[in-house]
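Reading through the structure tokens given below for one structure.
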Protein chains: 2
Amino acid sequence: MALSDRKKRILRAIVETYIATAEPVGSKAVAELAGLDVSTATIRNEMADLTEQGFLEQPHTSAGRIPSAAGYRLYVNELMDRQQLTLQETQRINDALNLKMEELDRVIDRAGKVLSQISDYPVFTMAAAKERITVKRFDLLMVEDNAFIAVVMTDNSVVKNKLIHIPGGLSDPQLQMLSAVLNSSFVGLSREEMEETLDKMETRTAPGAFELIALVVEFAMEVLADQRQQKFHAAGITNLLEHPEYRSLDKAKPLMAYLSDEGEEHRLPATLDTGKNMNILIGPENVNDALKDTSVVMASYDIGDNMRGVIGVVGPTRMDYAKVTARLSYFADSLTRMFGKELPPPEEPEE
Amino acid sequence: MALSDRKKRILRAIVETYIATAEPVGSKAVAELAGLDVSTATIRNEMADLTEQGFLEQPHTSAGRIPSAAGYRLYVNELMDRQQLTLQETQRINDALNLKMEELDRVIDRAGKVLSQISDYPVFTMAAAKERITVKRFDLLMVEDNAFIAVVMTDNSVVKNKLIHIPGGLSDPQLQMLSAVLNSSFVGLSREEMEETLDKMETRTAPGAFELIALVVEFAMEVLADQRQQKFHAAGITNLLEHPEYRSLDKAKPLMAYLSDEGEEHRLPATLDTGKNMNILIGPENVNDALKDTSVVMASYDIGDNMRGVIGVVGPTRMDYAKVTARLSYFADSLTRMFGKELPPPEEPEE
DNA sequence: TTTAGCACTCGAGGAACATGAGTGCTAAAC
DNA sequence: GTTTAGCACTCATGTTCCTCGAGTGCTAAA
């Protein structure tokens, strides 16, 4: 399976020109670009070999060759140069991330948007919490006579609140009592445990009080559910239309639809808990049908200690892998760093 | 300018078949569909008149006619039947809205999604607050030693919070003091007034305390800004691709891009403070360039007493106006009703 | 092992042509 | 005066056929 150096150079030339032009590459073009001092005939022989070995494909008898999924895979694994980002680009990224730091969601959204702009492909983002999230504390604040604010803080430091109206009104001692019950019985419990506890409590608590408790606990459960759920978000979907493989709407539509329906639970393209923090899936390597003809380059990053996020670029198999991976890995590192973790200095790639 | 009854019937037949088929309508088709007992030749004469008066257009000499913007306008204003929604559809809408009632944003998003599904067009939503929003109260909750939660409630009953870390920690009395200052000096102020007050305060307050105050007030100002800003959101963008006028990517792209960039300040398609609560903009009537070839049907609804929202459907000028307006007006009414306002019973349209 | 030469394949692009839907006009019919 | 039938004309669409050329595989010579 080990390819000769010359074969590698040829393959690389083909992949790169195909990435650039989106058109099958013929022997003549390779002869010029690969920097080898051999004739087109020799190249043709080598190309025939590569085709036989499954690294190249012919759309039809007399067109040039295009890389197969295996060809891209080899390119990505062994042949590709790491690209450097320009100063301008790093600047752009940093700006986007530092800007206020605001809320987690918004930073991530913004990150997706910028990445999509500098990579020319759509970008999706996803954040997944660790398995077990619990509520760290409850706070209740009376407002006016007939409503209070319930503030729930989870152990991954997310704080959510809700305005709860109660027809009858509530006295201060009642409120404190409620707060005490919540903080003593529901702190440290997972969603499921909360549900159990609530059930048990129902029988041996005064009905009026129980309903109030249930109201707040249900809200807390929603918050936990919301945290655990993977939030899928996509940016720059229209970038897809820039690339010739999606000029035909029949191709573009399923993928766009897949990226668009943000709310739905997203069968995530691949495990995000593999050790590596950069992952490339080429065409058929994707499980999901909508992605069969596309490649996904994704990187994961840490959000504090308890959560992990994924940010990924979606594009045609003929994607500019070198460019994308460079930008993506810088992005992921920046995100991790900004969420508070120190990174080891990046290893220099040995060339 | 008053058209004969026959001309109206012909125009209506043309608009409706063109809406259904997306293809120029010829005299023969009209003769069959309009329910008039005249020959195609007569129809042709009438169609020639209508073309001259600007209600119809010819793509080229020997194709059928298509409605012009003026034609659609006439159709919408006078000719169109109001459609009834099926029981199933109202059911669907009600489900989508009632489901939990949760947060305002989420309900609206969900509404957009459902509307987009039942109308087959993309839908945008927008919410705009009234002019002056102020903070109604501040609450501060200590968590751990080095952080507290700031809870801000605005006078339109939106509650937001933020976790604020402070290196040194804060004693309980300090916290209460802070809370007192905030509630006495910053409640009832608009964003701009807050800024002023903060500036004045800077000179005559202890530096340490001032920074804390500034931290919270800045957050409150963000909340207010966020409220005032019109939030534009779109759903079902890929529905666009279902319609033949957007099969060509060059047509689809600008519009998709316009709908996609949610974050940006959106030059809103039209005033939402016109008295009417249903508004139809046909093709060139749109100010925005990206919408020049599309129609927008939008309805506004009230969110409580202080805010107003707009929900709109975007599609080709050949849009099924009858269907869309029916669904949209039901939607807008439902939204208004669900946000607490009693509606007068709908007037029966006199036919 | 490499190269030159050559016949072969096959898609892209273009010209020529037929088709047919739809039109406008005119003259006859009502 | 209005409606209708008839007819010539226009023009987008689809089809066929052809050429062109890039690229291939194979063979024989270097």
Side-chain angles (χ1 to χ4, degrees), chain A residues 3-11 13-18 20-68 71 244-245 247-248, chain B residues 3-11 13-18 20-68 71 244-245 247-248 251 318:
Chain A
L3 296 178
S4 72
D5 193 53
R6 191 167 67 189
K7 281 208 176 61
K8 284 187 185 171
R9 292 183 76 143
I10 290 173
L11 178 57
I14 292 177
V15 171
E16 284 176 357
T17 51
Y18 185 64
T21 64
E23 264 162 34
V25 187
S27 48
K28 199 166 134 211
V30 175
E32 282 165 17
L33 287 160
L36 297 166
D37 252 349
V38 291
S39 78
T40 63
T42 315
I43 306 270
R44 274 206 291 284
N45 287 330
E46 297 283 46
M47 281 164 75
D49 283 2
L50 284 168
T51 308
E52 204 173 325
Q53 288 169 75
F55 294 114
L56 294 179
E57 280 171 3
Q58 289 191 51
H60 56 267
T61 325
S62 107
R65 303 297 214 286
I66 64 176
S68 69
E245 24 275 285
R247 302 290 316 185
S248 126
Chain B
L3 296 179
S4 72
D5 193 54
R6 191 167 69 190
K7 281 210 176 60
K8 283 187 186 171
R9 292 182 77 142
I10 290 173
L11 178 56
I14 292 177
V15 171
E16 284 176 358
T17 51
Y18 184 63
T21 64
E23 263 162 34
V25 187
S27 47
K28 199 166 134 209
V30 175
E32 281 165 17
L33 287 160
L36 296 167
D37 252 350
V38 292
S39 77
T40 62
T42 315
I43 307 270
R44 273 206 292 284
N45 286 331
E46 297 283 46
M47 282 164 74
D49 282 3
L50 285 169
T51 309
E52 204 172 326
Q53 290 170 72
F55 294 113
L56 294 179
E57 281 171 2
Q58 293 190 61
H60 56 266
T61 324
S62 108
R65 304 297 213 287
I66 63 176
S68 70
E245 24 275 284
R247 305 282 326 175
S248 128
K251 299 273 177 172
R318 175 194 69 85

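Letters go in sequence order (proteins before strands), and every chain restarts at 1. Owing to the predicted nature of the structure, the values given are computational and were not obtained by experimental measurement.
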Atom-to-atom span, CD1 of Ile10(B) to P of dT23(C) - whole angstrom: 12 Å

Closest to side chain of Gln58(A), choosing from dG24(C), dG25(D), dT23(C): dG25(D)

Side chain to side chain contact (heavy atoms under 4.5 Å, CB included) evaluation trace for Leu50(A) with Arg65(A): CA-CA 10 Å; Leu50(A) 284 168; Arg65(A) 303 297 214 286; over 6 Å; no

Per-nucleotide protein contact string for nucleotides 2-18 of chain D, where B marks a base within reach and S marks sugar-phosphate only (heavy atoms under 4.0 Å, - for neither): -SBBB---BBS------

Rounded distance in Å - CE (Met47(A)) to P (dT3(C)): 16 Å

Strand DNA chain D as a dot-bracket string - pairs counted if Watson-Crick or G-U with both distances under 3.5 Å, | where the partner lies in another strand: ||||||||||||||||||||||||||||||

Gap between atoms CG and C1', on Leu50(A) and dT24(D) respectively (whole Å): 15 Å

CG on Leu36(B) to OG1 on Thr42(B), rounded to 0.5 Å: 9.5 Å

Gap between atoms CD1 and P, on Ile66(A) and dG23(D) respectively (whole Å): 14 Å

Spacing between Leu56(B) atom CG and dG24(C) atom C1', to the nearest angstrom: 16 Å

For Ala31(B) against Thr40(B), the heavy-atom pair lying closest together: CB-CG2, 4.1 Å

Atom pair CZ (Arg9(A)) and CG (Leu33(A)), whose distance is rounded to the nearest 0.5 Å: 12.0 Å

Heavy-atom pair of closest approach, residues Gln53(A) and Leu3(A): OE1-CD2, 3.1 Å

Heavy-atom closest contact (Ser27(A) atom, Met47(A) atom, distance): CA-SD, 3.9 Å

Exercise: identify the closest heavy-atom pair between Ile66(B) and Tyr18(B): CG2-CE1, 3.5 Å

Rounded distance (Å) that lies between atom P of dG22(C) and atom CD of Glu57(B): 18 Å

Trace of the side chain to side chain contact (heavy atoms under 4.5 Å, CB included) decision for Asn45(B) with Asp49(B): CA-CA 6 Å; Asn45(B) 286 331; Asp49(B) 282 3; 5.9 Å; no

